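I have placed the structure first, in the form of structure tokens, so that the comments after it can refer back to it.
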Amino acid sequence: MEKNYRAELVGVFGDPVDGNPTGVLEEAGFEALGLNYRYITMKVLPEDFDIAMKSLKALNMKGINLTMPHKITVLPYLDEISEAAGIIGAVNTVVVKEGKLIGDNTDGKGFIQALEMNGISVKEKNITILGAGGAAKAIAVECALAGASAVTVINRSRSRGEELVNTIREHTSAEADYLPWNSRQPVPEKTDILINATSIGLFPNIDEKPDIDYDTVTEHMVVSDVVFNPAVTGFLTAAEKRGAKTISGLGMLVCQGALNFTIWTEKEAPYEIMYQALKKEFEQ
């Protein structure tokens, strides 16, 4: 058999992107399955995005991740997008398939998969989300599509919060409400799953946590954080002290990466190996 010195290429376009750890877990997965793939982390400025997207086919790349500020800008370049990505209005994963660029958003799917791996379903649950940015929108939409009964969005900007609520109402069967984020914001009593979908508490600001009334967090709630570094945030620690079951953002990030892996390679991702690789990275 002839040797093949050409690797299949995937990666991420973003700016800033230097702190994006996705390549660690994807490369660990490729190595574990003996796949000749490489994940390249690429700084792509907005003014160069057109050239970068046109390069996917020219370089015979298998696909790409998109992070800020390209998740929305990418839409006109795509031939197809998933239902969820269309509702969210943002794409974080593209696969090149039979000459077409197909977009999806794995942020929310990764979140739901991380919950399921912990024995938790969003079906018929009341979801409360802190924040209304890109991660919040992806998670809220996916939870609603997966059968959540209601989604409450708590956000400081009323316009962004209500925009997300209206999206859920228009495109899903879930109920949706907006609450302004005030100081020591109480968590609604009906909440089954509470999610921090902001970057509050992300390294190096590890002493920060969302400004909510933690006394309104109960043992009947599941509390999850999208922040993955540190794995156990101040938000999760405070919730755990009140008896809530907590789920780290590390699992969501790995589930998201595992979905990307399968989209590109059509192979089942070695989740545990990818998880351990990322965990080790943050323990250094």
Side-chain angles (χ1 to χ4, degrees), residues 71 80-93 102-155 160-179 187-198 212 216-228 235-236 239 244-260 262-263 268-269 271:
K71 290 186 177 184
E80 299 174 20
I81 58 173
S82 68
E83 178 191 15
I87 296 171
I88 296 163
V91 161
N92 76 336
T93 304
I102 303 171
D104 201 350
N105 193 311
T106 60
D107 285 336
K109 291 182 177 70
F111 174 81
I112 289 177
Q113 193 173 86
L115 288 185
E116 290 174 345
M117 292 180 73
N118 283 273
I120 298 156
S121 169
V122 300
K123 190 172 180 61
E124 299 181 353
K125 296 294 190 353
N126 292 310
I127 312 293
T128 297
I129 295 183
L130 305 177
K137 192 171 186 179
I139 291 169
V141 168
E142 290 288 359
C143 285
L145 289 174
S149 296
V151 178
T152 300
V153 178
I154 299 176
N155 196 57
R160 291 192 72 177
E162 291 184 340
E163 180 184 356
L164 176 50
V165 164
N166 289 334
T167 296
I168 295 167
R169 288 174 177 169
E170 290 173 13
H171 296 282
T172 78
S173 60
E175 296 178 11
D177 292 292
Y178 164 74
L179 290 176
V187 178
E189 289 183 19
K190 66 178 183 179
T191 301
D192 296 309
I193 302 174
L194 172 65
I195 306 155
N196 173 36
T198 77
I212 64 171
T216 61
V217 175
T218 72
E219 61 184 8
H220 304 295
M221 296 179 187
V222 173
V223 178
S224 181
D225 204 332
V226 302
V227 172
F228 54 84
F235 174 69
L236 294 181
K245 178 180 176 64
T246 59
I247 299 176
S248 165
L250 198 62
M252 172 187 165
L253 181 60
V254 178
C255 284
Q256 175 189 319
L259 288 167
N260 298 337
T262 299
I263 288 171
E268 184 175 349
Y271 174 88

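Worth saying up front: this structure is predicted, and the values here are computed from it rather than measured. One is the number of the first residue; the rest follow in order along the sequence.
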Next on the checklist: Nearest 0.5 angstrom please: C143 SG to I195 CD1, how far?
Outcome noted: 5.0 Å
Checklist entry - Just wondering, are more than 12 heavy atoms of other shown residues or ligands nearer than 6.0 Å to CD in E162? => result yes
Next on the checklist: With a 4.5 Å cut-off on side-chain heavy atoms, are K109 and T93 touching?
Outcome noted: no
Checklist entry - Who pairs with H171 by side chain to side chain contact (heavy atoms under 4.5 Å, CB included), at least two apart in sequence or on another chain? => result I87, T167
Item to check | Enclosure of R169 CZ (heavy-atom neighbours >12, cutoff 6.0 Å) | outcome: yes
Next on the checklist: Restricting to side chain to side chain contact (heavy atoms under 4.5 Å, CB included), what partner residues turn up for T216, sequence neighbours left out?
Outcome noted: P186, V187, D213
Next on the checklist: The criterion is side chain to side chain contact (heavy atoms under 4.5 Å, CB included); which residues satisfy it with T198, sequence neighbours excluded?
Outcome noted: W181, N196, I200
Checklist outcome for this item: The reported gap from CG in D177 to CD1 in I168 (rounded to nearest 0.5 angstrom) is 9.5 Å
Item to check | Side-chain (N126) to main-chain (D192) donor-acceptor, under 3.5 angstrom | outcome: no
Checklist entry - For I120, does its backbone N or O pair with a side-chain atom of N118 as donor and acceptor, under 3.5 Å? => result no
Checklist entry - So how far is it from Y271 OH to L259 CG, rounded to the nearest 0.5 Å? => result 11.0 Å
Would you give me the side-chain donor-acceptor pairs under 3.5 Å for residues 148-155, sequence neighbours excluded?
{"residue": "S149", "atom": "OG", "partner": "E124", "partner atom": "O", "Å": "3.3"}
{"residue": "N155", "atom": "OD1", "partner": "A132", "partner atom": "N", "Å": "3.2"}
{"residue": "N155", "atom": "ND2", "partner": "S157", "partner atom": "O", "Å": "3.0"}

Checklist outcome for this item: To the nearest 0.5 Å, atom NZ of K190 lies from atom CD1 of I127 at 11.0 Å
Checklist entry - Atom CG in L115, atom CE in M252: separation rounded to 0.5 Å? => result 9.5 Å
Checklist entry - Any side-chain heavy atom of L194 within less than 4.5 Å of one from I212? => result yes
Checklist entry - Should V217 and F235 count as side-chain neighbours, where that means a heavy-atom distance under 4.5 Å? => result no
Item to check | N260 vs Q256, side chain to side chain contact (heavy atoms under 4.5 Å, CB included): CA-CA, chis, key distance, verdict | outcome: CA-CA 6 Å; N260 298 337; Q256 175 189 319; 4.2 Å; yes
Next on the checklist: What verdict does the side chain to side chain contact (heavy atoms under 4.5 Å, CB included) test give for C255 and M117, after you've listed the backbone C-alpha separation in whole Å, the side-chain angles of each residue and the deciding distance to 0.1 Å?
Outcome noted: CA-CA 10 Å; C255 284; M117 292 180 73; 3.6 Å; yes
Checklist outcome for this item: In this structure, OG of S224 is separated from CD1 of I193 (nearest 0.5 Å) by 8.5 Å
Cut-off 3.5 Å, no hydrogens considered: what does the side-chain donor-acceptor table look like for residues 133-141, sequence neighbours left out?
{"residue": "K137", "atom": "NZ", "partner": "I88", "partner atom": "O", "Å": "3.0"}

Item to check | Test log, rule side chain to side chain contact (heavy atoms under 4.5 Å, CB included), inputs I263 and I102 | outcome: CA-CA 10 Å; I263 288 171; I102 303 171; over 6 Å; no
Checklist entry - Is the backbone of A90 close enough, under 3.5 Å, to the side chain of N105 for a donor and an acceptor to pair up by distance? => result yes
Next on the checklist: Please determine whether side chain to side chain contact (heavy atoms under 4.5 Å, CB included) holds for the pair K125 and V222, giving the CA-CA distance in whole Å, both sets of side-chain angles, and the decisive distance to 0.1 Å.
Outcome noted: CA-CA 11 Å; K125 296 294 190 353; V222 173; over 6 Å; no
Checklist entry - Does the side chain of N92 come under 3.5 Å of the side chain of T106 through a donor N or O and an acceptor N or O? => result yes
Item to check | Those residues that, when tested against F228, pass ring-ring contact (aromatic ring centres under 6.0 Å, His included) (two or more places apart) | outcome: F282
